[in-house]
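Note that the structure is a prediction, hence the values are computed from the model and not measured. Quick note: numbers below take in every heavy atom, side chains included, and nothing from hydrogens, waters or symmetry partners.
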Amino acid sequence: AWLTNDAWLNVLELSQSLRFFINLPSEISTNEAIWHRWFEDNEPEQMAIPDYETKIAENSEIGPFLRLLVLRSLRMDRCILQTKEFIRATPQMGPRYVDPVTDTMESIYAEMVATVPVIFLLSAGADPTDGIELLARKRKLPSPAVISLGEGQEPVAIKAINAAAAEGSWVLLQNCELALELMADMEQLLTKLPIIDPAFRLFITCLPHKEFPLGLLQMSTKVTNEPPAGLKAGLLRSFTVIVDQDRLDRIETSQWRSLVYALCFLHSIVQERRKFGPLGFCVPYEFNDGDLNACLTFLERHLLNGALSWPTLQYMVSEVQYGGKITDSFDRKVFKNYCELWLSAETCKPGFKFSPGTTLQRIRDDFAYDLPTGEAFEEFISHVSTFPSVDSPEIFGLHPNADLAYRGQEVNYLLGTLIEMQPKHTSSSPKASHSPPVTTNTTSNRRTSEAKRKIPPRPPRTREDIVAERCAEALGALPSVTYIEDEYVRNLDLNLPVNIFLVQEIQRFQAVIDLVRAHLDLILHASRGEVVITQDLNEAMNRLFDARVPQNWLRSPSGDEISWLAPTLGIWLAGLRKRDDQLRPWLANSRQRPKTYWLPGFFNPAGFLTAVQQEVTRARADDRWALDSVALDVQVSEFDRIEQVKAPPAEGVYIYGLSLDGAHWDSKHATLKESEPKALFCAMPLLFVTAISSKAPKQSGGAMKGQPTNSASSLFYDCPVYRYKLRTDRYYIFSVPLATIQQPARHWTLRGVAMLCFTT
C-alpha cells in the first residue's frame, strides 16, 4: 500500500473530527491514482489538493487552515512549510512573523547605551566573539576584555566591569550560564557603578537556562545568535567574517585560493549536516568560526614552508582542528571521508566539483557545486550568491530521504511543544446553558418541553478521568502472573551463560512491572484525592494525560535507564507485552533453546551477544579456543521472517527485529543498495550470530549463509547497530559487516547508514 499506517489513521481521525472532511477516506479510496500522485510529489504543498481544492478555495477565511490540516495528516514532513505559508497569508499575523531577522553587529551597537547590556542567547555553533572583536577594530577601539566565566572567575569579571565602566572600554562575559549567582547580582552591580563612561559597553553570551535571572533579561537587549542556515548563508558568513581580499592575496597561487574556498565549503557542510540529527552526526558538535580560522592559518603556514603534503593537511583538519572536538568514532570516519574527497590533489584540478557525479534526485536548477575560478574577493561572493536556496541532502553525501527525516524531526518538535502548552485542567461542571430558561411565551414553552425530552449532553471528561482511564489501561497490560525467582531458578541450568543472562533479564523485567504497578496505584489514589499530589506525581499525571510515558518509568533519578524509551504510552505498553511474550515461553522451555531471539527486547543486548560468545567458546574447548581470542561473527541469513526458521542452529543464534536506516538491503543479491523513495527504514532479514577464533579465517558477515564470501568484487561496510535513533556510545551494541557491491564503503559512511533496534 502506498499510504502509510500513520497517514491513514490521521485521515480517519480528521474525517471523524471535522465534518468538512467526513468523506475524505472514501474519496482517497475512490480516486486513488490522483491522491497517490499528490502524496508522492516532492512538494505537495505546491499542488492542488485532489477533490478539495475548489471547496477550500471557497472558504476564504479558513481555507488555508483546512489545507494545513490535509498536509498535517498525509505529509507531516511538509507541515512546517505549509504552516509558514498559513502564517504569512493570515492578515492578523503576516510575513513579519516568519521572515528571518538579520541584525548585524553594527546595527546592534547602534542601539546600545552604556547602562544597558546586550545578552546573546547562543545556539550550537554560534559565537559572536569574533564579530564583537572585529567591530572594536573597525571603530579603532581597544580590544574588549574577554572573560570566560567558570569557577573562580566572578571576581575577575567584577574587576573588569568596574575598570571598563571608568575607562569607557568594552567587556565580554562568556559562558554566563555557569555563573548564575553573578548574573543574579549583575542588575544591582550595574546600577551601583560609581562612574559610567558613555563609551562603556557590556556584552554577555550564554546558552538558554531556565534559572537565568529574569531581572537581568528584562533590563537587557536580547539577541538570539544562531548559526547561518543553509550552505549559501554559511559560505557568505565565512567570506564576510573570516576571509577577505587580504587573506586571498597572502599567497599568490590558485592552489591557495582553491583550498581556502574548499575549507570554507567543508566548514559549511559539517555545520549544516547537524540539522539531520543522528543521521548527520551521532553527536551535535559545536563547530565554529575558530575551527575554520585555525585550519586556514595552518594551511597558510604549511604552504609558506614548502610543498603541500596532502596527508598532513587531511590529518590536521580531520583529526586535530575539527577532530579534537569529535568524540564518536563513526563521526570521525565521516569527517575523514570528507577530507579525503575535498582536500586532495583532485580539488585543485580544473572541472572539480563538490557535488556527486550522479544524483538520485535532480538538484534544483541543475546547479553544480564547483570551485570559483577568479582571484577577486567579489568573484567568490558572486559565485556563492548563485547557490540554490534549498540544499539537496546529496551534497552532504546523504540520501534524499534525509530531508524527509529532518523535516519530520522539526514537525515532531513543533507538535511536542504544542502538546506541552495544552491546558491540563478541565472543568467537570455542566454549563448553565444546558437547562432551558423558564418563560411564559407559548412557543418558548413548547421548545422547553421538547428540550426537556432530550438527553442532556454528557459533561466533559476531566483530566483526572482521562488519567484514571490511562492507568486502568496500563494496569490491564501488565502480566497477571508474577515471575517468582525461587521457582524459575530451580528449572534453569545456571552453568549455561545464556541462562544466566535470562535470569538477569527476568529480574529487571519484574522490577519494571513492580515499579509501574505501584506507581499506577499511587496515581489512582492521587487522582481520587486520597494522597497528596507531589510535583513528581503531577508531572507523571501530565504525561499520562498526554499519552506519554512517565519519566520515572524510563530513568532513575541518577539518569540510568530503567526500562526502554518510547515516544508514546501505547508503544511502551506494546513493548512490555512483547517482552513478556519472549521471556515466558523461553523460561517454560529452558531445556530447549529458542529458535530465534528478538534482540530489541533485551535490556542488555550486548550482554546477550557476550553470552553467545561464551557458549560457542566452551563448545570449542577441544579446539583450545579462549574467550579473549574470539570475536563475533555476524552473517545476514536467508530468512526474512521468523516463521521460516524451523530449528535453532547447532551453534550460534538467530536474532531479528533490526531495521536499516539510510539504505536498503537487497536480499536477492545480498548487498546494500539505495533506500526506496520516502522509505526511511528497511526491515533486515534475520542475522546469524556466532563466534569465531581470531586464529581462524574470518567469514564475512555481509553475505548470506552458504554463499561465497571471498569474492574480490565484494566490499564491506562496517554497519554500527544502536538501540535507539540516538546514536551515542551509550546505545551502541555491535557492528555488522554488510556487503556493498555497487558502491564503496565510503558512500554508506557519508549516507550515515546504521541498524536500529527501535525506529520511533
Side-chain angles (χ1 to χ4, degrees), residues 6-7 9-10 13-14 17 45 64-90 92-101 119 121-126 177 206-212 214 217 222-227 229 274-280 284 403-426 463 466-467 470 535-536 538-555 565-572 680 724-726 758-760:
D6 288 343
L9 291 174
N10 289 338
E13 179 65 26
L14 183 61
S17 303
E45 70 277 5
F65 185 70
L66 295 174
R67 181 183 298 276
L68 177 59
L69 289 177
V70 177
L71 261 295
R72 162 65 183 89
S73 300
L74 289 167
R75 285 292 301 274
M76 195 171 72
D77 59 298
R78 312 298 292 184
C79 187
I80 284 191
L81 298 173
Q82 187 59 35
T83 301
K84 290 179 179 179
E85 290 303 316
F86 167 71
I87 294 173
R88 185 177 281 110
T90 303
Q92 292 81 356
M93 292 179 281
R96 67 193 184 97
Y97 281 88
V98 291
D99 290 342
V101 178
I119 296 180
L121 300 174
L122 304 181
S123 59
E177 72 278 2
C206 70
L207 293 171
H209 197 288
K210 61 181 180 180
E211 296 181 8
F212 198 89
L214 293 177
L217 281 174
K222 279 78 67 180
V223 179
T224 55
N225 193 19
E226 297 181 353
R274 289 179 311 198
K275 75 178 184 181
F276 296 102
L279 199 62
D403 191 57
L404 193 70
Y406 158 64
R407 299 197 183 278
Q409 292 171 7
E410 278 192 316
V411 174
N412 287 329
Y413 180 77
L414 172 66
L415 297 178
T417 304
L418 290 175
I419 290 174
E420 287 285 349
M421 296 171 61
Q422 292 298 306
K424 310 297 182 188
H425 299 274
T426 56
R463 166 181 177 258
I466 296 173
V467 169
R470 300 264 161 82
Q535 182 177 352
D536 290 341
N538 187 59
E539 174 64 22
M541 293 173 73
N542 286 340
R543 292 183 73 87
L544 287 173
F545 179 80
D546 294 332
R548 294 189 295 169
V549 187
Q551 192 63 30
N552 62 341
W553 298 9
L554 304 175
R555 297 191 184 280
L565 306 183
T568 66
L569 181 63
I571 294 176
W572 192 91
L680 300 182
Y724 304 109
K725 291 170 73 173
L726 297 172
F758 300 100
T759 59
T760 54

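- Note that CG of Asn10 is 11.0 Å distant from CG of Leu69, once rounded to the nearest 0.5 Å.
- Partner of Glu45 under the salt bridge (Lys or Arg N to Asp or Glu O under 4.0 Å) criterion, out of Lys84, Arg78, Arg407: Arg78 alone.
- Annotation: the span from Phe545 atom CZ to Arg463 atom CZ amounts to 7.5 Å, rounded to 0.5 Å.
- Considering CG of Asp77 and CG of Asn412, their distance stands at 10.5 Å, rounded to 0.5 Å.
- Residues Leu415 and Met76 have side chains in contact (heavy-atom distance under 4.5 Å, counting atoms from C-beta outward).
- Using a 3.5 Å distance cut-off with no hydrogens or angles, the side chains of Arg548 and Asn542 do not pair a donor with an acceptor.
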Take Tyr406 and Leu279, measure what side chain to side chain contact (heavy atoms under 4.5 Å, CB included) needs, and give me the verdict at the end.
-> CA-CA 9 Å; Tyr406 158 64; Leu279 199 62; over 6 Å; no

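- For Tyr724, the ring pair (Phe, Tyr, Trp, His ring centres under 6.0 Å) partners at least two apart in sequence or on another chain are Tyr731, Phe758.
- Gln409 and Tyr413 are not linked by any side-chain donor-acceptor pair at a separation below 3.5 angstrom, with hydrogens and angles left out of the test.
- Here CD1 of Ile466 is found 11.5 Å from CG of Leu544. Values are rounded to the nearest 0.5 Å.
- Considering only heavy atoms from C-beta on, Leu121 stays 4.5 Å or farther from Glu177 through its side chain.
- Counting all heavy atoms, side chain and backbone alike, Leu414 lies closest to Ile80 at CD2-CG1, 4.1 Å.
- Here the straight-line distance linking atom NZ of Lys725 with atom CG of Leu565 works out to 12.5 Å at 0.5 Å rounding.
- Taking 4.5 Å as the limit, some side-chain heavy atom of Thr83 sits within range of a side-chain heavy atom of Leu68.
- The shortest distance between side-chain heavy atoms of Asp536 and Asn552 does not fall below 4.5 Å.
- Taking the side chain as every heavy atom from C-beta outward, Leu122 and Cys206 never approach each other to under 4.5 Å.
- Shortest non-hydrogen contact noted between Ile571 and Ala566 is CG2-CB, 4.0 Å.
- Between Thr90 and Phe65 there is no side-chain heavy-atom pair separated by less than 4.5 Å.
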Chi angles and distances behind the side chain to side chain contact (heavy atoms under 4.5 Å, CB included) call for Leu404, Arg75 | CA-CA 10 Å; Leu404 193 70; Arg75 285 292 301 274; 4.3 Å; yes

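- Residue Glu85 holds its CD atom at 10.0 Å from CZ of Arg67, rounded to the nearest 0.5 Å.
- Arg88 contributes no side-chain N or O that, together with a main-chain N or O of Pro95, makes up a donor-acceptor pair within less than 3.5 Å.
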